[in-house]
Number of protein chains: 2
Amino acid sequence: MADTTQMLKGILDGCLLAIIKEGEIYGYELAAKLESYGFHSFSEGTIYPLLLRMQKEGLVSTTLRKSTAGPKRKYYSLTEKGEQELGQFITRWEQVSSSVNNVLDKRGK
Amino acid sequence: MADTTQMLKGILDGCLLAIIKEGEIYGYELAAKLESYGFHSFSEGTIYPLLLRMQKEGLVSTTLRKSTAGPKRKYYSLTEKGEQELGQFITRWEQVSSSVNNVLDKRGK
DNA sequence: GGTGTATACCTTGCAATACAAGATATCGAA
DNA sequence: TTCGATATCTTGTATTGCAAGGTATACACC
């Protein structure tokens with residue numbers, strides 16, 4: 001219990017959905033984007049399996065496009081189901097984060 | 001992915017530490033306390049193993065006291081190591097939660 | 001042509017942890 | 001003595017972030 005690994009469980013997927021909603025994006029780019037929001041950099045072993053799972057669940061759809069330098073990119077965009085899931089994620093997040101803040105504020109800070 | 005189970009990973013332990021810091025408390029009471037802060041009610045299968053783990057790691061110390069009705073209560077209090085861990089948890093929480101909020105706010109809300 | 005580097009994606013196996021389900025024990029009241 | 005409330009613990013399962021390793025494409029440079 002010395003890093004943020006456990007804390008990210010059940011949070012990362014919602015963040016990916018939120019970023020994808022902003023516009024089509026491919027996996028490799030997503031990793032960089034997450035960092036720009038304040039997350040520490042994620043390994044690809046984290047992101048790709050997650051994206052595949054969300055695709056399998058029908059939350060995102062994909063299209064392959066040629067890259068200027070490198071193999072084809074797999075672009076992700078949000079499905080309707082993905083938007084619904086994002087909405088539910090936000091509800092859960094607000095409920096949990098406000099509860100945590102309640103506990104921590106009580107502490108006197 | 002329909003409940004807050006995954007989202008609580010790596011968060012619950014810090015919340016327990018924060019509550020214990022407020023004053024001695026026993027497990028059964030902790031479950032109720034968490035609810036009062038806005039969490040849904042936790043099963044004992046969640047709380048007791050966590051408390052035992054934290055005791056084993058030296059984050060909390062325990063004393064048994066007779067109960068008015070029922071078996072002995074196991075009261076928990078924070079050790080110095082527990083306070084340090086709580087401080088680190090708060091740092092992690094603030095870093096992660098602000099990152100998540102960055103992502104969600106960008107979305108336009 | 002060949003070599004290296006950056007880009008881009010995927011797979012396997014591990015570790016951590018919330019939780020359901022079930023077991024056990026104590027005490028007071030009916 | 002039987003029941004319910006209190007109080008704790010154990011076992012097994014599912015999910016998920018991540019490290020490590022593998023593959024493939026395109027371009028620049030010699």
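Please read all numbers here as calculations on a predicted model, not as lab measurements. Note: hydrogens, waters and symmetry copies are ignored here, and every other heavy atom, side chains too, is used. Each chain gets a letter, A, B and so on, in the order the sequences are listed, and its residues count up from 1.
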When B/S43 and B/G70 are each assigned the nearest nucleotide of DNA chain C, the 5'-most assignment goes to B/S43
Between [atom2] of [N] and [atom1] of [X], the distance in whole Å:
X	N	atom1	atom2	value
B/I47	C/dA18	CD1	P	11 Å
A/I11	D/dG17	CD1	C1'	12 Å
A/K9	D/dA14	NZ	P	15 Å
B/L50	D/dT10	CG	C1'	15 Å
B/F42	D/dA7	CZ	C1'	19 Å
B/L64	C/dT26	CG	C1'	13 Å
A/Q6	D/dT16	CD	P	12 Å
B/Q55	D/dT8	CD	P	12 Å

Under 4.0 Å, counting only non-hydrogen atoms across every strand here, what does A/K74 touch: a base, just sugar-phosphate, or nothing?
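Touches sugar-phosphate only.
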Please classify the nucleic acid contact of B/G27 as base, sugar-phosphate, or nothing, using heavy-atom distances under 4.0 Å. sugar-phosphate
Just to confirm, is there a sub-4.0 Å distance from OP1 or OP2 of [N] to any side-chain nitrogen or oxygen of [X]?
X	N	result
A/K72	D/dA26	no
A/R53	D/dT16	yes
B/K66	C/dC27	no
A/T46	D/dC18	yes
B/Y26	D/dA7	yes
A/T5	D/dC18	yes
B/S67	D/dT6	no
A/Y48	C/dC9	yes
B/H40	C/dC19	yes

[X] and [Y] ion-paired at < 4.0 Å:
X	Y	value
A/E29	A/K33	no
A/R92	B/D3	no
B/E24	B/R73	no

Using the side-chain heavy atoms of [X], tell me which of these nucleotides is nearest: [options].
X	options	value
B/R73	D/dT16, D/dT8, D/dC18	D/dT8
B/Y28	D/dA14, D/dG17, D/dA7	D/dA7
A/L8	D/dC9, C/dC10, D/dC18	D/dC18
A/E44	D/dT16, C/dC9, D/dC18	C/dC9

Of B/G45 and B/P71, the one whose closest nucleotide on DNA chain D sits nearer the 5' end is B/P71
Check your understanding: Quick one: CG on B/D105 to OH on A/Y37, what's the gap to the nearest 0.5 Å?
Key ->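 The distance works out to 10.0 Å.
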Parallel, tilted or perpendicular: which describes the rings of A/W93 and A/F89, with under 30° parallel and over 60° perpendicular?
parallel
Quick one: does A/L8's side chain get under 4.5 Å of A/F42's, heavy atoms only?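 SC-SC contact between A/L8 and A/F42 confirmed.
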